[in-house]
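Notes follow once the structure below has been shown.
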Amino acid sequence: MEFAKVYNPKEVEKRIYSFWEENRYYHASITSKKKRFVISIPPPNITGSLHIGHALNNTLQDILIRKKKLEGFEVLWIPGTDHASIATHNQIEKELKKEGKTRFDLGREKFLARAWEWKNKYEGYIISQLKALGCLCDWERLRFTMDEVCSRAVREAFCRYYEKGLIYRDYRIINWCPRCKTAISDLEVKTLITPSKLWFIKYPRRDGEGVMIATTRPETLLGDTAVAVHPEDERYKKIIGEKVILPLMNREIPIITSPLVDKEFGTGAVKITPAHDALDFEIGRANNLPAIKVIDEDTRITSEGGKYQGLTREEARVEIIKDLTKEGLLIKEEDYSLPLKTCVRCETPIEPLLSLQWFLKMAEIAQPAKEVVEKGEIRFIPDRWKYVYLDWMENVKDWCLSRQLWWGHRIPVFYCDDCQEIMVSRIDPSECKRCQGKNIRQDEDILDTWFSSALWPFATLGWPEDTPEMALFYPTDLLSTDPDIIFLWVARMIFSSLFFTKKIPFHTVYIHSTVLSQSGERMSRSRGVGVDPNLIIERYGSDALRFTLTNLETQSQSFRFWEERVTLGRNFANKIWNAARLLHPVLSQIPQPESEDLTSPIDEWIISEFNKLLSDVNHSLNNYNFSAYATSLYEFFWHTFCDWYLEFSKRRMREKEPSTLYTLHIIFRNYLKLLHPIMPFLTEEIWQRFRFGKSILDERWPEKIPLLPSEKVGMVSIMQEMIKGIRTIRSELLISPKVLLTLLINPSLTPQALIDFLKGNMEHLQTLAKVKEIGLAEKRPPLSSSYSTSQFEFYLPLLGVIDVNKERMRIEKEIYELQQELAKIEERLRDEEFIKKAKEEVRVREEKRKIEFTEKLKRLNNNLSYLV
RNA sequence: GGGCGGUUAGCUCAAUUGGUUAGAGCGUCGGUCUCACAUACCGAAGGUUAGAGGUUCAAUUCCUCUACCGCCCACCA
């Protein structure tokens with residue numbers, strides 16, 4: 001196969017992914033005896049394609065999956081998609097709007113047919129995106145929240161909750177979105193600060209002063225059934241219990257008290273509209289007030305609204321203000337920044353409505369969900385998110401389950417029209433179980449989309465059946481997701497799992513950064529700032545995107561992404577590719593040597609550097625520090641392996657020196673394994689080209705390479721310093737390398753003479769002064785105009801002629817300082833006063849420093865001994 | 001109103017949990033077609049770590065306050 005000068009991911013990636021698929025590398029066996037590692041994918045909504053945020057999340061999961069696979073685990077990553085009830089509705093309705101239709105013009109059945117079409121289209125595209133990204137999902141276990149398996153779980157779950165008395169139907173104030181035409185949960189409401197007015201309206205009394213209230217929604221006045229004041233508000237004490245006349249409606253309503261009223265706001269007196277405000281509803285309920293619904297689901301005034309009937313809420317407001325002014329009851333208007341509640345999807349102002357809905361009682365099931373996190377059975381990473389979760393669980397309210405939509409799981413409740421019996425059933429009943437009547441109809445509503453998502457980790461494994469998957473792969477290990485669905489989804493999975501399976505759904509929740517656009521906006525498809533990963537992959541390659549995203553993932557709140565940033569990953573992939581080009585003729589022909597005596601300090605040095613890398617990588621991944629993982633791989637390969645090791649080793653590579661071949665083999669192969677989780681395509685391609693094996697996925701994660709400690713290793717860095725010094729001088733003084741080298745190899749020139757010759761660069765020259773004796777002319781290769789590292793390779797023997805005295809003095813000085821410091825620490829630790837007064841952590845810190853310094857001292861003494 | 005995160009080089013971000021001279025990529029400046037790579041190589045410049053106090057032998061790191069920026073939660077009508 002050709003080895004092109006520039007890495008071409010497009011040519012490689014499709015082929016490699018097909019190879020993995022054909023060989024079923026993604027598949028988890030139920031007969032395997034290995035330890036298991038399981039992730040269920042956060043199922044993407046089928047509303048559209050994945051954006052960069054998804055690419056990040058799935059890259060991170062794939063990294064962990066592949067690492068665990070290399071570590072010898074039986075890994076299972078269950079893929080799937082979410083029907084995303086309301087979001088999908090919105091998308092389809094947007095399309096319909098273009099055709100001039102609403103979903104009601106189509107009717108339920110035709111709308112659902114269209115939704116399934118939509119689902120098939122986008123599910124396919126999403127899967128193609130995941131594959132393009134390289135995700136090693138078990139495609140034989142692909143699920144959809146509305147497929148047969150998941151639907152069954154949903155129905156079972158609803159019935160079990162109901163049978164335990166946790167699901168009830170009641171009138172409550174719910175958030176009604178007039179555009180989506182459904183109830184939505186509190187979490188789907190967002191408050192927008194909107195410029196508005198505060199209207200001050202006088203509610204007169206038959207005899208006496210009356211009372212002035214302040215309101216932001218004068219149109220709800222039509223449904224007022226009381227005026228409330230704070231029980232301790234001196235201003236109103238006298239008139240509590242009196243009646244006032246509701247303006248425009250001429251209805252007498254009482255003045256009541258409630259501790260929920262804020263004395264400071266407005267006039268301290270508040271109009272109470274129990275049917276259109278959650279707080280008013282609560283106050284109304286406590287005082288047995290009637291609730292009069294004056295605004296309907298289309299936001300029009302109902303027949304209860306007298307002459308205003310039929311107007312929209314906006315029109316009614318205008319009319320009512322006009323009429324109040326006419327009657328002299330509108331005292332004043334003030335400008336006011338209104339926290340307006342809107343639908344999170346369409347930004348339509350929501351209408352709080354009194355409505356009959358299904359609810360899930362939360363108090364009881366929230367308790368264990370709180371405990372598992374408190375006790376650390378489920379761990380949030382980064383840790384801070386657990387407080388967000390706990391705070392929500394602490395104050396959780398009952399969950400409104402029903403939605404007045406079509407696309408989703410229909411509520412399994414059946415009503416008998418003959419005897420009004422209510423049946424909740426696992427299978428559709430054909431007749432009433434009480435009166436055997438045949439007039440049965442199913443509840444029209446569907447379940448909140450998160451109801452099915454809440455069952456995802458176990459529903460995907462076949463629950464409620466006792467499947468082998470359920471026995472083997474549950475609980476799962478990790479959930480990786482973004483912060484905005486901690487309540488909507490993560491919390492609900494946890495309490496659902498505990499309730500139904502008595503197990504936690506996963507033991508770790510990783511919350512990744514939010515991906516922002518270049519200008520700092522949130523990635524969002526609907527706002528058109530989402531970037532399709534396929535586009536980036538097309539231009540830069542999957543590995544490049546994966547590497548770049550991982551490198552940006554630093555456990556911070558968010559990071560900004562734009563296309564050009566991916567050049568980082570692309571260039572890195574190309575660098576690796578080219579190193580492979582260089583190594584291919586050397587390594588692909590020869591089987592890996594068993595072991596070899598290392599004859600060069602450089603070989604020992606790179607192995608010790610690799611061991612450092614390995615421990616960094618393990619540490620980073622174990623702590624979900626993805627950025628550190630990516631950075632250390634980058635740093636090692638580019639600036640340690642390529643810049644120094646390969647340059648130093650070129651000659652010995654050409655001469656096929658056994659020590660170097662052995663080292664190259666062991667370093668390069670093991671490096672590819674460490675890199676594989678993050679850049680799977682490139683590493684697999686190289687692995688196969690080098691004929692290292694059938695697939696890198698058959699390999700095992702590297703262990704530390706055994707290395708006998710040698711005195712020469714520590715000297716490599718001194719040599720690097722020297723070379724850097726020489727380069728700096730050359731570059732700064734613009735001396736050609738030829739001249740400089742001539743100077744250096746001239747035996748008649750002492751270091752001192754050199755210093756004299758090259759005045760003004762003392763700092764660098766001091767480095768040069770380490771060269772005491774120069775007699776290397778015959779050893780050096782022919783000079784070119786180049787001064788890349790390889791040209792300095794012949795300096796290696798200089799290791800033996802370093803100015804020993806100078807180096808010794810430097811180390812001795814450092815040792816002396818260290819000893820002084822250590823003595824101080826020891827004195828402090830002996831000081832009983834100090835120990836008594838100091839906090840435990842201070843003492844521990846001192847102990848730590850002592851150990852640290854002692855070790856450093858040992859190392860320095862060791863170095864010193866080499867110099868003798 | 002409450003909670004959380006942030007403020008470090010021109011830009012985007014790091015800093016092994018308090019320890020040598022605060023790093024990287026991009027950008028800038030200077031030098032290179034060099035037999036893996038110009039998607040490259042070599043060198044350089046660039047920082048009072050938002051500000052003010054405090055603790056410490058030592059602070060980007062811990063504490064307090066201030067100023068901005070961002071996110072989340074909340075029944076001020």
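Below, chains carry the letters A, B, ... as their sequence lines are ordered, and counting in each starts from 1. Here the structure is a predicted model, which is why all the values come from computation and not from measurement. All heavy atoms count here, side chains included; hydrogens, waters and symmetry mates do not.
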Euclidean distance for [atom1], [N] against [M] (whole angstrom):
N: B:A40; M: B:A22; atom1: C1'; value: 28 Å
N: B:U16; M: B:A24; atom1: C1'; value: 15 Å
N: B:U48; M: B:U66; atom1: P; value: 26 Å
N: B:U49; M: B:U20; atom1: P; value: 15 Å
N: B:A59; M: B:G54; atom1: P; value: 12 Å
N: B:C35; M: B:U28; atom1: P; value: 26 Å
N: B:U55; M: B:U60; atom1: P; value: 16 Å

Got a list of protein N/O to nucleotides 13-16 of chain B N/O distances below 3.5 Å?
residue	atom	partner	partner atom	Å
B:A14	OP1	A:Thr554	OG1	2.4

Whole-Å distance between [N] [atom2] and [X] [atom1]?
X: A:Asn574; N: B:U39; atom1: CG; atom2: P; result: 9 Å
X: A:Glu647; N: B:U32; atom1: CD; atom2: P; result: 19 Å
X: A:Asn578; N: B:A40; atom1: CG; atom2: P; result: 10 Å
X: A:Trp577; N: B:A40; atom1: CH2; atom2: C1'; result: 17 Å
X: A:Asn395; N: B:G2; atom1: CG; atom2: C1'; result: 11 Å
X: A:Phe648; N: B:C41; atom1: CZ; atom2: P; result: 16 Å
X: A:Met679; N: B:U39; atom1: CE; atom2: P; result: 17 Å
X: A:Gln518; N: B:U12; atom1: CD; atom2: C1'; result: 9 Å

Can you tell which of B:A40, B:C37, B:A36 lies closest to the side chain of A:Trp638?
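Nearest nucleotide to the side chain: B:A40.
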
Does any N or O donor sit under 3.5 Å from an N or O acceptor when you compare the side chain of A:Gln557 with the base of B:G70?
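Result: at least one qualifying N/O pair found.
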
Does the B:C37 base have a donor-acceptor partner in the side chain of A:Lys575 within less than 3.5 Å?
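It does, because a donor-acceptor pair links the side chain of A:Lys575 to the base of B:C37 below 3.5 Å.
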
Look through every strand shown and name the nucleotide pairing with B:C57 as Watson-Crick or G-U wobble, where both distances are under 3.5 Å.
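Base-paired to B:G19.
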
Pairing check on B:C26: which nucleotide meets the Watson-Crick or G-U wobble criteria with it, both distances under 3.5 Å?
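Base-paired to B:G10.
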
Report yes if some heavy atom in the side chain of A:Phe559 is under 4.5 Å from a heavy atom in the side chain of A:Leu56; otherwise report no.
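Side-chain contact under 4.5 Å: yes.
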
A:Asn551/A:Thr631 under side chain to side chain donor-acceptor pair (under 3.5 Å): CA gap, chis, key distance, verdict
CA-CA 6 Å; A:Asn551 194 45; A:Thr631 307; 3.0 Å; yes

Would you say that more than 12 heavy atoms from the other residues, nucleotides or ligands in this model lie under 6.0 Å from the CD of A:Glu264, or not?
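No, CD of A:Glu264 has 12 or fewer neighbouring heavy atoms, counting only those of other groups under 6.0 Å.
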
Just how far is it from atom OG1 of A:Thr548 to atom CD1 of A:Ile678, taken to the nearest 0.5 Å?
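Interatomic distance, A:Thr548 OG1 to A:Ile678 CD1, rounded to 0.5 Å: 9.0 Å.
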
If you apply the rule side chain to side chain donor-acceptor pair (under 3.5 Å), what do you find for A:Ser517 with A:Ser519, and how did you get there?
CA-CA 5 Å; A:Ser517 68; A:Ser519 52; 3.3 Å; yes

Return the set of residues passing salt bridge (charged side-chain N to carboxylate O under 4.0 Å, His left out) with A:Arg565 (not counting sequence neighbours), or none when no residue passes.
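So A:Arg565 forms no salt bridge (charged side-chain N to carboxylate O under 4.0 Å, His left out) with any residue.
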
Pairs satisfying side-chain hydrogen bond (donor to acceptor under 3.5 Å, both in side chains), at least one member in residues 536-546 of chain A, at least two apart:
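Sorted pair list: A:Lys10-A:Glu538, A:Asp62-A:Arg546, A:Arg539-A:Glu563, A:Tyr540-A:Glu563.
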
Short N/O separations, protein against nucleotides 72-77 of chain B, under 3.5 angstrom:
residue	atom	partner	partner atom	Å
B:C76	O2	A:Asp262	OD2	2.2
B:A77	OP2	A:Tyr336	OH	2.4
B:A77	N6	A:Asp262	O	2.7
B:A77	N6	A:Phe265	O	3.4
B:A77	N1	A:Asp262	N	3.1

Please tell me if [X] has a side-chain N or O lying less than 4.0 Å from either OP1 or OP2 of [N].
X: A:His639; N: B:G25; answer: yes
X: A:Lys386; N: B:C4; answer: no
X: A:Asn571; N: B:A40; answer: yes

Please work out if A:Trp385 contacts a base, only the sugar-phosphate, or nothing of the nucleic acid, heavy-atom cut-off 4.0 Å.
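Nothing, no nucleic acid heavy atom in range.
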
Check residues 224-232 of chain A and write down every donor-acceptor pair under 3.5 Å in which the side-chain atom is one partner and the other belongs to a residue at least two apart or another chain.
residue	atom	partner	partner atom	Å
A:Asp224	OD1	A:Lys271	NZ	3.0
A:Asp224	OD1	A:Thr273	OG1	2.7
A:Asp224	OD2	A:Tyr203	OH	2.5
A:Thr225	OG1	A:Pro290	O	3.1
A:His230	ND1	A:Glu232	N	3.1

Partners of A:Phe200 by ring-ring contact (aromatic ring centres under 6.0 Å, His included), sequence neighbours excluded?
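Counting only residues at least two positions away or on another chain, A:Phe200 forms no ring-ring contact (aromatic ring centres under 6.0 Å, His included).
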
